[in-house]
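Report on the following structure.
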Amino acid sequence: MNLILIGPQGSGKGTQAGRLAKRFGLCHLSSGDILRSVEGELKEEVNEFMKRGELVPNELVFKVLKKSMESSKCKKGFILDGFPRNKAQAEELKKIVNIDKCIEIVISDVEAMKRISGRRTCAKCGAVYNVDSLRPKVEGVCDLCGGRLVIRDDDNESALKRRLQLYHRETEKILPMFNFVKIDGEQDASEVFRNILKVLE
Ligand code: AMP
């Protein structure tokens with residue numbers, strides 16, 4: 001089973017993709033996480049785009065993502081989290097794989113701003129917390145791995161505004177290209193998960 005999960009920043013798609021991956025034994029491919037872990041000569045170039053909230057050039061994203069999709073860990077299928085993000089990426093993807101289900105988790109821009117401004121991310125394992133709604137047991141420390149909790153470089157107001165603008169301008173254009181089912185992301189995370197499972201049944 002190959003799935004696409006998209007949604008605006010803060011919609012909880014990473015959390016939901018992680019849960020789905022565990023439930024179905026699929027691999028969770030977050031294009032954001034994959035790009036954040038790029039090393040070597042490309043690292044600086046990638047960071048420049050990311051910290052401004054711009055999209056990383058398509059060829060580069062596709063190159064790193066294709067490598068992950070072909071990994072043996074993904075042989076039961078994958079969940080694409082944050083990819084494709086524009087029409088060109090969607091067209092490339094369609095050429096190489098069959099996609100079974102597509103889900104968009106929907107939240108308003110106001111909710112996205114609220115969630116992202118309180119978001120804290122583990123610098124070591126990427127786990128996500130929130131100062132209002134999901135606090136760690138020990139302030140500033142990840143419950144899962146003991147890593148330090150930080151504010152992501154692109155979780156600031158100007159980068160977030162740009163990321164949301166690109167979501168509405170570029171990413172929403174892919175909705176008619178696949179058969180997307182919309183799920184309300186402003187409910188409790190467990191309810192969102194239940195609704196996604198219903199779609200996959
Ligand atoms: P995310 O972790 O999904 O919020 O992504 C963080 C940043 O990574 C985005 O703001 C972009 O700079 C970059 N990025 C992630 N996925 C893509 C993609 N599919 N295409 C281009 N840039 C991406």
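Order of listing sets the numbers, starting from 1, for every ligand and every atom in it. The figures here come from the full heavy-atom set of this structure, side chains too, leaving out hydrogens, waters and symmetry mates. Nothing here was measured: the structure is a model prediction, and the numbers come from that model.
Neither the backbone nor the side chain of Glu48 comes within contact range of ligand 1; no heavy atom lies under 4.0 Å. When heavy-atom distances to ligand 1 are checked against a 4.0 Å cut-off, Val61 comes that close only through its side chain, counted from C-beta outward.
Side chains of His168 and Asp109: a donor-acceptor N/O pair is present below 3.5 angstrom, by distance only.
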Would you list the atom pairs, donor with acceptor, under 3.5 Å between side chains in residues 89-97 and any protein atom, with sequence neighbours excluded?
{"unit_1": "Gln89", "atom_1": "OE1", "unit_2": "Arg85", "atom_2": "N", "d": "2.8"}
{"unit_1": "Gln89", "atom_1": "NE2", "unit_2": "Asn58", "atom_2": "OD1", "d": "3.0"}
{"unit_1": "Glu92", "atom_1": "OE2", "unit_2": "Lys95", "atom_2": "NZ", "d": "2.9"}
{"unit_1": "Lys94", "atom_1": "NZ", "unit_2": "Met177", "atom_2": "O", "d": "2.6"}

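Look at Glu201 and Lys198 and you find no salt bridge, because none of the NZ, NE, NH1 or NH2 atoms lies under 4.0 Å from a carboxylate O. Ion pairing between Arg163 and Asp155 holds under the 4.0 Å rule for side-chain N and carboxylate O. With respect to Glu70 and Lys66, a salt bridge is recorded, a charged nitrogen being found less than 4.0 Å from a carboxylate O. Between Glu48 and Lys51 there is a salt bridge, since at least one side-chain N of the basic residue sits less than 4.0 Å from a carboxylate O of the acidic one.
Taking every heavy atom of Asp154 and a limit of under 4.0 angstrom, the matching atoms of ligand 1 come to 6 (C). Atoms of ligand 1 lying under 4.0 Å from any heavy atom of Arg36, numbered from 1 in the order shown and given with element: 2 (O), 6 (C). Listed by number with element, the atoms of ligand 1 under 4.0 Å from a non-hydrogen atom of Lys13 are 3 (O). In the vicinity of Arg152, heavy-atom distances shorter than 4.0 Å reach the ligand 1 atoms 1 (P), 2 (O), 4 (O), 6 (C).
Checked against a 3.5 angstrom limit, the closest N/O atoms of Gln9 and ligand 1 fall outside it. Considering backbone and side-chain atoms together, Gly82 places an N or O closer than 3.5 Å to an N or O of ligand 1. The N/O atoms of Glu54, backbone and side chain alike, include one that comes under 3.5 Å of an N/O atom in ligand 1.
Using modelled atom types, one side-chain atom of Gln16 and one backbone atom of Ala189 make a donor-acceptor pair closer than 3.5 Å. For Asn2 (side chain) and Phe78 (main-chain N/O), a donor-acceptor pair under 3.5 Å exists by modelled atom type. Side-chain atoms of Arg162 never come within 3.5 Å of backbone atoms of Gly53 as a donor-acceptor pair (strictly under, hydrogens ignored). Judged purely by atom type and a 3.5 angstrom limit, Ser31 uses its side chain to pair as donor or acceptor with the backbone of Gly82.
Looking from atom 8 (O) of ligand 1 to the surrounding protein, the closest heavy atom is Met50 CE, 3.2 Å. Of all protein heavy atoms, the one lying nearest to atom 16 (N) of ligand 1 is Ser31 OG, 2.7 Å. In this structure, the protein non-hydrogen atom closest to atom 22 (N) of ligand 1 is Val56 N, 3.0 Å. Protein heavy atom at the shortest distance from atom 3 (O) of ligand 1 is Arg85 NH2, 3.0 Å. Looking only at protein heavy atoms, the nearest one to atom 20 (N) of ligand 1 is Gln89 NE2, 2.8 Å. Here the heavy atom of the protein found nearest to atom 13 (C) of ligand 1 is Leu35 CD1, 3.7 Å.
The closest approach between a heavy atom of Arg52 and any atom of ligand 1 is not below 4.0 Å.
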